[in-house]
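To start, the structure itself, in structure tokens.
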Amino acid sequence: MSEATHFLCEIGDGIARIALDRPERKNPLTFDSYAELRDWFRDLHYREDVKAVVFASNGGNFSSGGDVHDIIGPLTRMTMKELLAFTRMTGDLVKAMVNCGKPVIAAIDGICAGAGAIIAMASDLRIATPEAKVAFLFTRVGLAGCDMGACAILPRIIGQGRAAELLFTGRAMNAEEGHAWGFHNRLVSGAELDGAAREMAAQLVAGPNFAHMMTKTMLAQEWSMSIEQAIEAEAQAQALCMQTGDFERAYTAFVAKERPVFEGD
């Protein structure tokens, strides 16, 4: 995995902390940052020294979505073929996040709108500040709310009716609503946000990482399964996890009345 060019990236202690880096404009996405994030998450599946990801805010905001001048303007001049290539590319970012094999924590402060809201939605866990405002504002610019998997994923997080309201109106979901509806797992102050996200990531890193990968895989794949298929898939997944060293370590530690130390194998 090469060093990131179009977003911030630091890796240490099994945690990758990434953030968009245009705080003076509330961290909008560009064609380049979209593509690089897609490729980064695709490559993450094969990287052994990263066990969890924190997608952080920067300068008091998460992301304002697609840049008006760098993306929205050029889109109005593209052909249908070019537009479809773009929308497929943005959807590929969500697919890469879902399939990266590592838990992703979004640390949300301030504005989290458009594609920024999608990135937060595509994360596995979300910690937010009271100032966080999440808006799927596609209808505000004349587009459908069904962008980058929103109509499939958001209802599974907050429910069909609530998702429909946000996707039809484009209004912002405030932090209290997001927490009450299950979008945000926790609310913390702005001063605590980065530390809380890192602490959660560190807890995941210290856990059974192969099992975490399997949990994330099943959470994604079972959306399209019947109950019977899901039960069988989980039986196979759990049998695989029972062959890991971490499963045996947990048993040995339990018998010895000690805390297990997982190694991810």
Side-chain angles (χ1 to χ4, degrees), residues 2-10 16-43 53-97 104 106-123 126 128-129 131-151 153-154 166-175 178 190 193:
S2 61
E3 183 179 351
T5 302
H6 301 287
F7 58 92
L8 299 175
C9 178
E10 58 181 38
R17 182 186 184 277
I18 63 175
L20 295 168
D21 191 26
R22 300 176 73 189
E24 74 285 355
R25 297 181 63 182
K26 298 182 175 63
N27 307 311
L29 287 142
T30 65
F31 290 116
D32 289 332
S33 58
Y34 261 127
E36 188 172 27
L37 282 167
R38 174 203 60 193
D39 294 343
W40 189 87
F41 275 103
R42 281 176 173 172
D43 292 343
V53 178
V54 173
F55 205 124
S57 296
N58 186 8
N61 293 288
F62 189 74
S63 173
S64 57
D67 188 278
V68 172
H69 301 293
D70 291 348
I71 289 185
I72 307 300
L75 289 179
T76 64
R77 300 185 292 272
M78 287 185 182
T79 65
M80 177 57 72
K81 182 178 179 180
E82 292 169 328
L83 291 169
L84 185 56
F86 169 73
T87 54
R88 283 175 171 164
M89 184 266 286
T90 61
D92 282 345
L93 168 57
V94 172
K95 288 189 282 186
M97 292 179 67
V104 180
I108 307 165
D109 193 13
I111 299 301
C112 177
I118 296 291
I119 289 173
M121 177 196 75
S123 300
R126 288 160 291 276
T129 70
E131 292 72 36
K133 293 180 175 60
V134 180
F136 299 85
L137 43 65
F138 307 109
T139 58
R140 297 288 182 94
V141 295
L143 297 176
C146 57
D147 199 53
M148 299 170 69
C151 285
I153 300 174
L154 188 61
L166 297 181
L167 296 177
F168 275 121
T169 67
R171 77 164 180 86
M173 173 176 59
N174 64 42
L193 180 62

**Prompt:** Does the pair R126 and V134 meet the rule for a side chain to side chain contact (heavy atoms under 4.5 Å, CB included), with working shown?
**Reply:** CA-CA 12 Å; R126 288 160 291 276; V134 180; over 6 Å; no

Ignoring hydrogens, what is the shortest heavy-atom contact between [X] and [Y]? Give both atom names and the distance.
X	Y	answer
A172	K133	CB-CB, 4.2 Å
P74	H69	CD-O, 3.3 Å
V94	M148	CG2-O, 3.5 Å
A120	A106	CA-CB, 4.1 Å
A144	F138	O-CB, 3.2 Å
A107	S57	O-OG, 2.6 Å

Within the side chain of [X], is there an N or O that forms a donor-acceptor pair under 3.5 Å with the backbone of [Y]?
X	Y	result
T139	G145	no
S33	L29	no
N61	G110	no
R140	T169	yes

Starting at [atom1] of [X], measure out to [atom2] of [Y] and round the result to the nearest 0.5 Å.
X	Y	atom1	atom2	answer
D32	D67	CG	CG	11.5 Å
S63	R22	OG	CZ	10.0 Å
M121	I153	CE	CD1	4.0 Å
T76	I71	OG1	CD1	12.5 Å
D147	L154	CG	CG	12.5 Å
E82	T87	CD	OG1	12.0 Å

Quick one: are [X] and [Y] in side-chain contact, heavy atoms under 4.5 Å?
X	Y	answer
N27	F62	no
S64	R25	no
I118	T90	no
R42	D92	yes
E131	L193	no

**Prompt:** Parallel, tilted or perpendicular for F7 and W40, by the 30°/60° rule?
**Reply:** perpendicular

**Request:** Test N58 against L20 for side chain to side chain contact (heavy atoms under 4.5 Å, CB included), laying out the working first.
**Result:** CA-CA 7 Å; N58 186 8; L20 295 168; over 6 Å; no

**Asked** What do the steps show when you test L84 against K81 for side chain to side chain contact (heavy atoms under 4.5 Å, CB included), and what is the final call?
**Response** CA-CA 5 Å; L84 185 56; K81 182 178 179 180; 6.0 Å; no

**Prompt:** Could you go step by step and tell me if I119 and L93 meet the side chain to side chain contact (heavy atoms under 4.5 Å, CB included) rule?
**Reply:** CA-CA 8 Å; I119 289 173; L93 168 57; 4.2 Å; yes

